[in-house]
Amino acid sequence: MKKVITGTSAAAEAVRLCDVDVVAAYPITPQTSCVEKIAEFVANGELDAEYIKVESEHSAMAACIGASATGARTFTATASQGLALMHELLFIASGMRLPIVMLNTNRALSAPINIWCDHQDSISQRDTGWIQLYAENNQETLDLVIQAYKIAETVLLPVMVNIDGFILTHTVEPVEIPEEEKVRNFVGVYEPRHAYLDPDRPITQGPVGVPECYMETRKQIEEAMEEAKKVIDKVNKEFEKEFGRKYSLIETYNLENADTVLMAMGSVCGTIKHYINNYDNKVGLIKVRTYRPFPKEEIRKVLEDFDKVGILDKNISFGMNMGALAIDCLTILKDKTICNYIVGLGGRDITIQNIKEIVENLRRAKKDKTEWIGLNK
Amino acid sequence: MQFPREEFLAPGHRGCAGCGASIVVRLALKAAGKDTIVTTPTGCLEVMTTPYPETAWKVPWIHVAFECAGAVASGISRAVKALKRKRGKFKDKKINVIAIGGDGGSADIGFQSLSGAMERGEDILYIMYDNEAYMNTGIQRSSETPLFAATTTSPAGKVWKGEDKPKKDMPMIMAAHGVPYVATACISYPEDFMRKVKKALSIEGPKFIHVLQPCTTGWGYPPDKTIEIGRLAVETGVFPLYEIEYGEFRLTYKPAKRKPVKEYIRMQKRFRHLTDEDIEKIQKYIDERCKLLGL
Amino acid sequence: MVNIGAIIYEPGSSVKNKTGTWRVFKPILNVELCVKCENCYIFCPEPAIYEEDGVFKINYDYCKGCLICANECPTGAITKTREEK
Amino acid sequence: MIEIRFHGRGGQGAVTAAQILAKAAFYDGKYCQAFPFFGVERRGAPVRAFTRIDDKEILIRSQIYEPDYVVVLDPTLLDSVNVLEGLKKDGAVIVNTVKDLDLGYKVYTLDATKIALDVLGVPIVNTSMVGAFAGATKLVSLESVKKAILETFKGKLGEKNALAAEKAYNEIIEKYGE
């Protein structure tokens with residue numbers, strides 16, 4: 001059934017469809033409407049879940065870790081300061097290999113306090129061992145949350161589904177909501193293989209990782225990340241077979257006709273596609289949907305015939321004057337010119353005019369550079 | 001009394017000789033029995049019992065971080081509920097969910113998470129094992145460090161007399177949350193402590209037990225005196241034993257005649273800088289508190 | 001091989017760590033004087049005291065020699081000696 | 001693609017109006033998108049909300065700068081906010097007011113407050129204004145507007161709001177013709 005709903009509602013619908021057991025909820029803009037919607041589902045008996053009204057995001061993640069370690073399918077949602085507050089626990093969730101799924105509604109970080117969208121929050125958690133997916137629209141949000149459970153429970157890593165604050169969270173648009181039975185068959189019931197607290201099988205979780213074992217645990221997470229690429233690919237294909245919508249680690253748009261290539265993540269990809277369709281069909285787009293694990297080979301392959309690329313980043317690595325996606329690409333695209341465009345920080349709108357400016361700038365570019373687009377004079 | 005013989009904490013752990021924390025665990029788990037899940041925040045107990053690949057725990061156990069045992073226990077308790085209801089797991093067994101946290105992990109950095117769990121009415125037992133300082137990091141002051149005790153961050157010097165504040169009153173703060181059961185206990189009174197654990201576990205909802213646990217290393221006394229010092233803390237009125245059941249306060253042990261605080265103080269290096277005059281101040285403070293509690 | 005998530009599947013596996021080597025003083029239990037008050041048993045932090053064939057025994061593989069048992073014994077049945085190494 | 005901007009005050013339901021319009025377009029078989037201006041405004045402050053309607057999937061995510069239509073829920077906003085900002089030359093304005101307005105654009109006016117007070121008993125005009133928009137532009141059908149309203153507000157409240165929309169729709173048709 002198709003319904004006109006917001007991005008946060010789309011995520012909440014996915015949580016209901018996946019029959020999540022334990023939800024930990026703490027309000028933060030622009031995520032709040034997600035946990036509100038889930039509360040409604042639980043209050044009306046549409047989702048049979050334990051709903052923990054925790055007193056902070058730190059406790060939200062801690063409760064999810066406790067619940068997941070007991071063998072429950074868990075969910076929480078956050079943004080910005082909330083995600084930053086969770087920081088240490090994100091490492092613990094991945095270190096314990098718990099398949100927690102979290103919605104992060106991308107929002108800038110203080111100070112100055114800013115409730116609007118950029119990717120600084122999730123990018124700052126890049127190295128916590130979480131799989132990071134970025135959605136372009138509300139349909140993708142729902143679909144990615146469903147797939148996230150299957151991916152997480154297969155590779156035993158937590159998954160963060162990122163959607164742009166306000167731009168998706170507060171925007172309604174048509175979303176196909178799949179049948180409950182179909183989704184439940186697709187994700188199955190979570191049967192923990194490695195970690196669950198049960199008096200009949202007394203295991204110890206979260207011990208002291210002495211130097212003799214710690215490094216191995218890191219290597220295992222890295223291997224799981226590598227494995228995740230294959231698993232995500234497989235789950236994408238299974239999803240397409242079941243629900244008809246096609247997903248992949250990266251998505252390309254109009255590359256076959258392009259003389260100029262942009263690369264980006266999240267909702268701005270829609271604006272770029274609109275630009276391509278209406279203003280300049282010589283532009284192509286690489287949309288990075290799976291940011292961690294980073295699809296190195298896939299990106300390299302689609303860029304084989306191009307000698308430069310314009311990378312849009314809604315985040316900034318201070319002291320490097322580059323965004324994360326561009327920095328990552330430096331290491332895998334050594335033979336290409338990388339032009340980095342810092343855009344949309346703290347809710348600065350990314351307009352068609354901005355895209356045009358980027359494309360023109362990129363066409364002129366002879367060497368690597370970083371430009372801040374849309375700054376006020 | 002014959003104490004239950006089943007052990008849920010195995011020997012071979014790395015606790016100090018004379019460690020009181022392991023006595024807390026032994027007693028609590030003998031009272032709770034096998035069908036128990038334990039979470040421990042970061043601290044001595046966690047470190048000494050679980051250096052990979054060995055664990056001293058014989059019940060399912062999890063450590064997450066320093067400041068979130070209340071939330072972790074909430075997650076476990078709710079997961080048990082959900083999995084019982086939705087998937088028929090854990091059969092019909094009543095599963096005890098117990099958090100065992102030190103004073104730092106409970107009264108300081110973990111306070112918010114503990115308060116949240118208590119206020120929400122989670123069906124958990126939180127045991128705060130109180131050794132009155134951050135022992136795991138080498139004896140730094142916590143909000144449970146008593147008046148005039150020297151620690152590495154509240155040292156006795158020419159100007160300072162050790163810690164300048166008395167203990168934070170955790171059981172009363174927990175009672176103010178309106179939880180059904182709050183108690184104090186001391187490892188030197190094992191029957192009393194175990195009875196309280198059993199009683200707590202028979203009650204649905206959040207329960208809190210504050211158990212005093214002398215620490216040979218942090219307090220500065222010979223390891224064989226762990227129990228004797230705990231007993232003195234109670235006999236002097238420094239650490240009164242009571243319970244608050246559904247709001248009703250009751251002393252569970254009343255010494256015939258309170259011993260002078262000096263006897264307790266003089267056994268410990270952390271108080272050795274004190275003059276008789278200083279001890280008199282502590283005595284006065286303790287007298288006032290005991291009066292308030294009817295001791 | 002480190003277990004996934006560094007989970008320890010063998011409960012009570014710390015028994016592999018024989019902490020008896022830590023000992024400086026050794027408690028000796030004289031069964032003749034024991035009144036079975038259980039003080040030594042219940043207050044042992046390891047635990048290294050156990051009951052077998054109706055008598056309490058000390059497991060020197062784990063006893064760290066803290067001597068709480070000796071201190072809490074009401075009859076003087078447990079005495080301390082220097083560990084001979 | 002048609003782009004519409006709603007002007008209202010916090011609490012008047014401008015965001016809901018934009019969403020109802022989007023839903024109505026969806027029921028008419030079109031693609032749609034609606035979003036608020038992402039502000040920190042509280043009750044009473046001027047707010048904006050946007051709707052996009054198209055026959056193709058809507059991909060663009062930027063805000064709306066050059067709307068085809070402007071809908072003004074509160075006439076006092078005309079004095080304090082430039083509601084015509086960026087409005088396309090051949091665009092139109094639909095205003096809740098009892099006055100006749102000369103704004104240099106095609107203007108549709110109606111007393112939506114009266115309709116709201118008559119039908120709902122409260123001066124909340126968002127549903128009436130969506131009805132008026134449908135009457136003025138014919139971009140969405142009245143039937144779909146009513147369906148969207150009934151989906152948004154449950155029970156009696158939904159029926160009353162649907163009636164308000166219908167009245168506003170009819171009033172516009174009566175005043176300006178089909």
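Convention: sequence-line order gives letters A, B, ...; per-chain numbering from 1. The shown structure was predicted, so the numbers you read here are calculated from the model rather than taken from an experiment.
- Proximity to chain A (any heavy atom under 4.5 Å) is shown, for B:Ile76, by both the backbone and the side chain.
- The candidate from B:Ser74, B:Ala65, B:Pro53 with the greatest count of non-hydrogen atom pairs under 4.5 Å with chain A is B:Ala65.
- Interface check for chain B: of the options A:Gly71, A:Ala24, A:Gly95, A:Ala195, the most heavy-atom pairs under 4.5 Å are formed by A:Gly71.
- Between B:Lys89 and A:Glu191 there is a salt bridge, since a side-chain N of the basic residue sits under 4.0 Å from a carboxylate O of the acidic one.
- Only the side chain of A:Leu89 comes within less than 4.5 Å of a heavy atom in chain B; its backbone stays farther off.
- Residue A:Leu197 touches chain B through both its backbone and its side chain, counting heavy-atom pairs closer than 4.5 Å.
- Around atom OH of A:Tyr214, no more than 12 heavy atoms belonging to other residues, nucleotides or ligands sit under 6.0 Å away.
- At a 4.5 Å heavy-atom cutoff, the contact between A:Val54 and chain B is made by backbone and side-chain atoms alike.
- The main-chain N or O of A:Pro207 is never found under 3.5 Å from a side-chain atom of B:His63 such that the two would form a donor-acceptor pair.
- The choice from A:Ile203, A:Val22, A:Val210 that makes the most heavy-atom pairs within less than 4.5 Å of chain B is A:Ile203.
- With B:Arg78 contributing its side chain and A:Tyr51 its backbone, the two residues share a donor-acceptor pair below 3.5 Å.
- The most heavy-atom pairs under 4.5 Å with chain B, out of A:Ile92, A:Ile52, A:Thr74, A:Asp19, come from A:Ile52.
- A donor-acceptor contact closer than 3.5 angstrom links the side chains of A:His58 and B:Glu67.
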Checklist entry - Given B:Lys93 and A:Asp200, is the salt bridge (Lys or Arg N to Asp or Glu O under 4.0 Å) satisfied, shown in steps? => result CA-CA 11 Å; B:Lys93 275 188 266 182; A:Asp200 285 343; 2.7 Å; yes

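- In this structure, chain A has a heavy atom under 4.5 Å from the side chain of B:Glu122, while its backbone stays farther away.
- Within the 4.5 Å cutoff, the side chain of A:Glu55 has heavy atoms near those of the B:Arg120 side chain.
- The structure places CD of A:Gln205 at 14.0 Å from CH2 of B:Trp57, a figure rounded to the nearest 0.5 Å.
- Under a cut-off of 6.0 angstrom, the local environment of NZ in B:Lys94 is crowded, with over 12 non-hydrogen atoms contributed by other residues, nucleotides or ligands.
- Heavy atoms closer than 4.5 Å to chain B are found in the side chain of A:Cys213, but not in its backbone.
- Atom CD of A:Glu88 and atom CZ of B:Phe66 lie 10.5 Å apart (nearest 0.5 Å).
- The number of heavy-atom neighbours closer than 6.0 Å to CD of A:Glu223, taken from other residues, nucleotides and ligands shown, is above 12.
- Shown are B:Lys86, B:Arg85, B:Arg87; of these, the salt bridge (charged side-chain N to carboxylate O under 4.0 Å, His left out) with A:Asp48 is made only by B:Arg85.
- Environment of CE in B:Met172: crowded, with over 12 heavy atoms of neighbouring residues, nucleotides or ligands closer than 6.0 Å.
- Interface remark: B:Lys58 contributes backbone atoms only to the contact with chain A (heavy atom separation under 4.5 Å).
- Contact annotation for A:Met61: neither backbone nor side-chain heavy atoms come within less than 4.5 Å of a heavy atom of chain B.
- A:Thr204 contributes atom OG1, which lies 6.5 Å from atom CH2 of B:Trp61 (distance to the nearest 0.5 angstrom).
- Closest approach of A:Pro202 to B:Pro60, counting heavy atoms only: CB-N, 3.5 Å.
- Residues B:Val59 and A:Pro199 form no side-chain contact, since every pair of their non-hydrogen atoms from C-beta on lies 4.5 Å or further apart.
- Inter-residue side-chain proximity for B:Phe90 and A:Asp198 is flagged as met; some heavy-atom pair is nearer than 4.5 Å.
- The minimum heavy-atom distance linking A:Thr70 with B:Leu83 is given by the pair O-CD1, 3.4 Å.
- By number of non-hydrogen pairs under 4.5 angstrom with chain A, the leading residue of B:Ala117, B:Ser113, B:Gly116 is B:Ser113.
- In this structure, no portion of A:Val23 lies under 4.5 Å from any heavy atom of chain B.
- The environment of A:Lys53 atom NZ is sparse: at most 12 non-hydrogen atoms of other residues, nucleotides or ligands sit within 6.0 angstrom.
- Side chains of A:Ser56 and B:Gln112: a donor on one and an acceptor on the other come within 3.5 Å.
- Heavy-atom pairs under 4.5 Å with chain A were tallied for B:Val80, B:Ile62, B:Val97; the largest tally goes to B:Ile62.
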